[in-house]
Amino acid sequence: MDIDRELNKEQAMAVRCTNGPVLILAGAGSGKTRTIVYRMAYLIGEMGVAPWNILALTFTNKAANEMKERIRDMIGERAGTMRVGTFHSICVRILFTHAEKLGYPPKFEIADTTDQKSIMKDVYKRLGVDPKRYPEKITINKISGAKDELMGPEEYASFAGMDFALKMISNIYTEYQKTLFSNGMMDFDDLIMNTVRLFNEFPEVLEEYRERFKYIMVDEYQDTNTSQFELIKLLSAKYRNLCVVGDDDQSIYRFRGANIYNILNFEKYYPDAYVVRLEENYRSTSNILDAANSVIKNNSERKPKALWTKEGEGEKIRYRQLDDAALEAAFIADDIRSRVSKGEREYGDFAILTRTNIQSKELEDALRIRSIDYDVVKGLKFWDTKVIKDLTAYLMTVDNGINEMRVRRIINIPKRGIGNASIDKISVFSRANNITFFEALSRIDNIPSVPAKTKAAVRSFYEMIVRIRKEGRDMSFSAILERIIEECSYLDYLLSEAESSEKYREQKEYIAKLKETLDAYEDETDEPDLTDFMRINGLEGNNLDKEGGDDPKNKVLIMTMHNAKGLEFPEVYMAGMEEGLFPGYASINSDDPMAVEEERRLCYVGITRAKERLTLTGARRRMVNGETRYSAASRFIKEIPGKFLNLNQAVEKTERRERIAPSNREAAHRYFEEKPPAFSTLKKGSDMEKKLPPYKEGDRVLHFKFGEGTVLSIADGGRDYEVTVEFDNVGVRKMFAGFAKLKLL
DNA sequence: GAAGGCGGTCTTTTT
DNA sequence: GACCGCCTTC
């Protein structure tokens with residue numbers, strides 16, 4: 001390892017600065033991971049630090065795995081004793097050893113988003129809360145936010161005080177927490193909060209980990225929330241060897257509680273912190289980098305910085321506005337295909353980035369039709385599927401039956417004639433007698449007012465589980481799973497429920513995948529245990545991409561920009577660059593100006609994924625929530641100076657006409673004749689004639705969808721006029737006069 | 001208790 | 001357009 005030759009000056013400084021708090025401000029593509037990995041190797045190789053004294057915290061499993069791999073490449077097997085993982089997985093490991101101190105069973109389970117929802121539903125029912133007045137989702141978010149700020153139910157109660165609505169949330173929070181606890185579960189936020197609690201309440205435990213983790217590094221520091229900050233603060237307080245790496249411009253998880261001020265104020269919190277800035281970008285051409293810079297500089301809350309590169313200008317960034325989402329997808333797919341057929345690229349060189357997951361549908365269709373290999377990188381989908389939820393609930397019930405929620409889930413799957421009324425009675429009975437829900441099943445005869453038919457069904461369900469449990473003692477997990485599927489005729493059930501054969505096939509694939517995962521787990525674990533299995537996998541969202549057919553590498557990747565963080569591709573498409581989608585309506589309409597800034601950071605992340613060629617696309621028309629929505633080009637496009645952009649409108653026109661499906665041709669023609677392009681900033685040489693709308697400020701107008709409203713202002717937006725209208729029912733909206741077709745009243 | 005129909009909501013992003 | 005929960009009917 002020759003630090004001075006293999007790293008630049010700043011990177012080398014970051015590596016050599018091993019004592020005390022260090023803040024590495026690492027711009028996109030500045031060799032951040034490289035620096036971290038070298039730093040760890042340096043600590044071990046040059047400073048004589050024992051590998052097991054190093055803790056590296058990341059935000060995603062992907063990042064953790066990459067880091068592990070790279071450090072292993074550098075220092076070999078010794079790397080195995082370093083602790084590298086996500087905040088959540090590290091906390092799980094700590095809690096695994098100490099959960100009993102907090103009163104949890106040592107085999108606690110992790111409640112994922114779906115589990116949270118069903119627990120919340122149960123809580124609402126018991127407390128008699130109206131989900132219409134207090135939507136579950138919002139409540140879950142509030143509770144999650146409280147936990148991020150380390151507020152337990154008691155603290156929340158005193159914070160709520162006499163405020164009625166807050167008190168309601170507080171009551172729900174208390175009951176929710178009790179339910180989780182009695183099910184032996186922790187949700188994601190609990191993992192962090194409880195670890196902090198453990199450290200605060202048991203100083204000897206904290207001391208143990210302080211000694212263990214003498215050197216702490218935190219990646220993606222800009223995404224940490226308050227509880228995570230507290231955690232690393234506690235852990236690092238003794239030796240103070242805390243090195244955080246991040247980029248405030250890439251903070252994109254505020255909605256999940258990330259506190260950007262953790263990084264913005266790091267130097268205030270640690271006045272003696274050594275600060276290194278990595279500003280040389282090794283990834284992108286200067287056109288791409290300059291575009292990214294010019295977008296992000298519109299944000300107010302950021303540390304000023306200047307990314308630069310030795311790379312040449314490269315190609316200009318292309319922007320294409322197509323007429324609808326299908327044409328947008330077709331444009332991208334054709335573009336990729338032509339690049340590949342010319343032999344310039346392989347499929348694996350391309351990534352298509354989207355703002356939302358739903359956007360992938362059209363893109364997938366377009367790629368599939370053209371036989372282009374692709375993969376969609378999806379979040380937690382696998383473990384969140386109905387089939388997997390069902391079957392793991394079965395497995396856990398066979399294993400121990402402790403978790404009421406899981407038993408309830410499957411007691412009537414497939415239909416056995418055990419309805420909600422009876423389930424509730426059993427639940428009440430179990431509480432009254434202080435036994436578990438599953439135990440109550442064996443005493444179903446003692447529960448009054450359950451119909452005889454139902455009782456018989458419950459008995460046979462209970463006996464089946466006990467039977468499989470007994471027989472399964474010396475079977476592999478996947479064999480037990482097969483037994484369950486057989487005994488319940490689960491496949492028949494799926495077939496009868498499935499709305500399409502395609503879906504059924506997919507579900508069977510999921511089952512096969514689950515079996516595989518179970519087998520792999522049993523193979524590589526000394527003392528396999530289903531609770532442990534669930535815990536590991538509940539935290540690892542997408543290991544679906546591990547398989548991926550013949551050549552998993554050579555595929556076009558479709559993913560959200562959130563998912564793309566930390567990755568890079570020779571060619572990147574950013575699809576859906578439209579006002580209302582990106583930035584999304586929620587952020588535009590938010591009264592918090594920081595909301596749009598977060599979207600802009602996401603845009604910055606997207607742009608900086610591209611190494612050589614970046615294409616931005618948008619659709620004028622898009623189906624959203626079952627209705628057509630017209631949108632103007634994203635403001636982010638307008639923030640990119642023209643000199644970095646290439647707008648080849650002529651090309652677009654011919655492409656567009658070719659791609660229209662015959663059935664839509666007529667409608668499309670009509671559409672083109674009527675509608676001038678909405679995109680407005682690129683005025684030079686416009687041959688469009690813009691017409692002054694027939695209304696003026698203060699006039700009452702009618703919109704085909706939004707109804708009546710009053711014109712607030714009309715602004716010259718280049719090719720078209722931008723009209724702001726305050727609608728009586730839907731509030732203030734901005735639109736282009738050419739599109740909106742407002743009628744004067 | 002189950003099945004089928006209706007109406008409301010959702011789509012931001014994830015550990 | 002899809003999904004979910006609620007309601008009605010059998």
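So you know, we letter chains A, B, ... as the sequences are listed, proteins then strands, and number each from 1. Keep in mind that the numbers below use all heavy atoms, side chains included, and drop hydrogens, waters and symmetry copies.
In this view, A:S89 and A:T86 satisfy the side-chain hydrogen bond (donor to acceptor under 3.5 Å, both in side chains) rule, not counting sequence neighbours. Residues satisfying the side-chain hydrogen bond (donor to acceptor under 3.5 Å, both in side chains) criterion with A:T224, sequence neighbours excluded, are A:N262. Residues passing the side-chain hydrogen bond (donor to acceptor under 3.5 Å, both in side chains) test with A:K453, sequence neighbours excluded: none. Not counting sequence neighbours, A:S590 has no partner by the side-chain hydrogen bond (donor to acceptor under 3.5 Å, both in side chains) test. A search for ring-ring contact (aromatic ring centres under 6.0 Å, His included) contacts involving A:Y124 returns nothing, not counting sequence neighbours.
Taking the C1' atom of each, C:dG5 and B:dT12 are spaced 23 Å apart, rounded to whole Å.
When rounded to the nearest whole Å, the span between CD1 of A:I413 and P of B:dG1 equals 16 Å. Look at CD on A:E220: it is 12 Å from P on B:dT15, rounded to the nearest Å. One interatomic measurement links the two molecules: NZ of A:K125 to P of C:dG5, which rounds to 11 Å at whole-angstrom precision. Taking atom CD of A:Q228 as the reference point, atom P of B:dT14 lies 16 Å away to the nearest angstrom. Rounded to whole angstrom, the span from the CZ atom of A:R416 across to the P atom of B:dA2 amounts to 11 Å. The distance between atom CG of A:L231 and atom C1' of B:dT15, rounded to the nearest whole Å, is 14 Å. Protein atom NZ of A:K415 is 7 Å distant from nucleotide atom P of B:dA2, rounded to whole Å. In this structure, CD of A:E362 is placed 12 Å from P of C:dG1, rounded to the nearest angstrom.
For the OP1/OP2 pair of B:dG1 and a distance below 4.0 Å, the side-chain nitrogens and oxygens of A:S422 include at least one atom meeting the criterion. Phosphate proximity of B:dT15 to A:N61: absent, as no side-chain N or O sits under 4.0 Å from OP1 or OP2.
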Identify each atom pair where a protein N or O and an N or O of nucleotides 9-12 of chain B are less than 3.5 Å apart, giving names and distance.
from, atom 1, to, atom 2, distance (Å)
B:dT11, OP2, A:K137, NZ, 2.3
B:dT12, O2, A:R355, NH1, 2.1
B:dT12, O2, A:R355, NH2, 2.3
B:dT12, O2, A:E599, OE2, 3.4

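Looking at heavy-atom distances under 4.0 Å, A:F87 makes no contact with the nucleic acid at all. If you check every strand for non-hydrogen atoms under 4.0 Å, A:N412 touches sugar and phosphate atoms only. A:F582 comes within 4.0 angstrom of nothing in the nucleic acid, heavy atoms only.
Listed nucleotides C:dC4, B:dT14, B:dG1 differ in distance to A:T454; the shortest reach to its side chain belongs to B:dG1. The side chain of A:P451 lies closest to B:dG1 when the candidates are B:dG1, C:dG5, B:dT14.
Residue order along DNA chain B, read from the 5' end via each residue's closest nucleotide, puts A:I418 first among A:T560 and A:I418.
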**Item:** Intermediate values then yes/no, side-chain contact (heavy atoms from CB on, under 4.5 Å), A:L180 and A:M186
**Value:** CA-CA 6 Å; A:L180 272 177; A:M186 294 190 201; over 6 Å; no
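More than 12 heavy atoms of other residues, nucleotides or ligands sit less than 6.0 Å from atom CZ of A:F255.
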